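Report on the following structure.
Remember, it's a predicted structure, so these values are computed and weren't measured experimentally.
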Amino acid sequence: MPYDSETYHISRLVELKAVSDAVRLSVLRLLVELGGEKGLSSRELSDATGIAPTLMQYHLKILRDADLVRVVARKSAQGRREREYRAAWGTLRWDFP
């Protein structure tokens, strides 16, 4: 079955583990819903989900390691450099038998 290039099919165990956590899944949903418009910083994601900033960094690292999110920009916020994160794909799909 052909798929468009914007849809990514989760097929590796590391990806499945990354999306199996409710926090990471909600972060990924937020980023996918934004599409390619703009990224969100870890602070913005923390505020949107109610997760502590240090814990958000942990979850973002897991999503980055699974190649599900990417760092797209760095910006200065209140004298600090922050990364902006964006979903690596426009749509995610997983099929289980």
Side-chain angles (χ1 to χ4, degrees):
M1 171 193 233
Y3 300 108
D4 62 77
S5 63
E6 286 295 309
T7 301
Y8 183 75
H9 294 266
I10 292 176
S11 59
R12 298 180 303 148
L13 184 57
V14 67
E15 297 162 337
L16 184 58
K17 285 181 180 179
V19 297
S20 68
D21 181 87
V23 171
R24 291 190 291 271
L25 188 56
S26 66
V27 166
L28 198 53
R29 281 186 180 147
L30 281 171
L31 294 174
V32 167
E33 287 172 4
L34 283 175
E37 295 177 20
K38 77 175 211 102
L40 290 175
S41 70
S42 61
R43 182 173 306 264
E44 292 168 321
L45 287 165
S46 179
D47 290 344
T49 59
I51 301 300
T54 53
L55 189 54
M56 182 56 67
Q57 289 293 331
Y58 166 79
H59 288 296
L60 286 167
K61 180 181 181 337
I62 291 172
L63 289 169
R64 275 193 337 260
D65 290 348
D67 296 324
L68 296 174
V69 299
R70 295 188 177 132
V71 176
V72 292
R74 295 177 189 256
K75 65 179 180 179
S76 179
Q78 299 172 346
R80 289 180 287 217
R81 293 177 61 113
E82 289 187 347
R83 298 174 179 158
E84 282 191 354
Y85 296 88
R86 196 177 286 166
W89 305 95
T91 306
L92 294 174
R93 175 183 171 147
W94 51 90
D95 299 312
F96 297 101

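- Residue pairs meeting the salt bridge (Lys or Arg N to Asp or Glu O under 4.0 Å) criterion with at least one partner in residues 53-63, sequence neighbours excluded, are Lys61-Asp65.
- Residues satisfying the side-chain contact (heavy atoms from CB on, under 4.5 Å) test with Leu40, not counting sequence neighbours, are Leu31, Leu34, Lys38, Glu44, Leu45.
- Put simply, CG on Asp47 and OG on Ser41 are 7.5 Å apart, with the number rounded to the nearest 0.5 Å.
- Atom CG of residue Leu25 and atom CG of residue Leu63 lie 9.0 Å apart, to the nearest 0.5 angstrom.
- Nearest heavy-atom pair across Lys17 and Arg24 is O-NH2, 3.4 Å.
- Minimum interatomic distance between Val72 and Gly39 (heavy atoms only, all atoms of both residues): CG2-CA, 4.4 Å.
- Proximity of His59 to Val27: side-chain heavy atoms (C-beta onward) are nowhere separated by under 4.5 Å.
- By the side chain to side chain donor-acceptor pair (under 3.5 Å) test, Thr49 is found to be paired with no residue, residues two or more places apart in sequence or in another chain being considered.
- Residues Tyr85 and Val71 form a side-chain contact, since some pair of their non-hydrogen atoms from C-beta on lies under 4.5 Å apart.
- Atoms CD and CZ, on Gln57 and Arg43 in that order, are 9.5 Å from each other to the nearest 0.5 Å.
- Residues passing the side chain to side chain donor-acceptor pair (under 3.5 Å) test with Arg70, sequence neighbours excluded: none.
- For Ser46, the side-chain contact (heavy atoms from CB on, under 4.5 Å) partners two or more places apart in sequence, or in a different chain, are Pro53, Met56.
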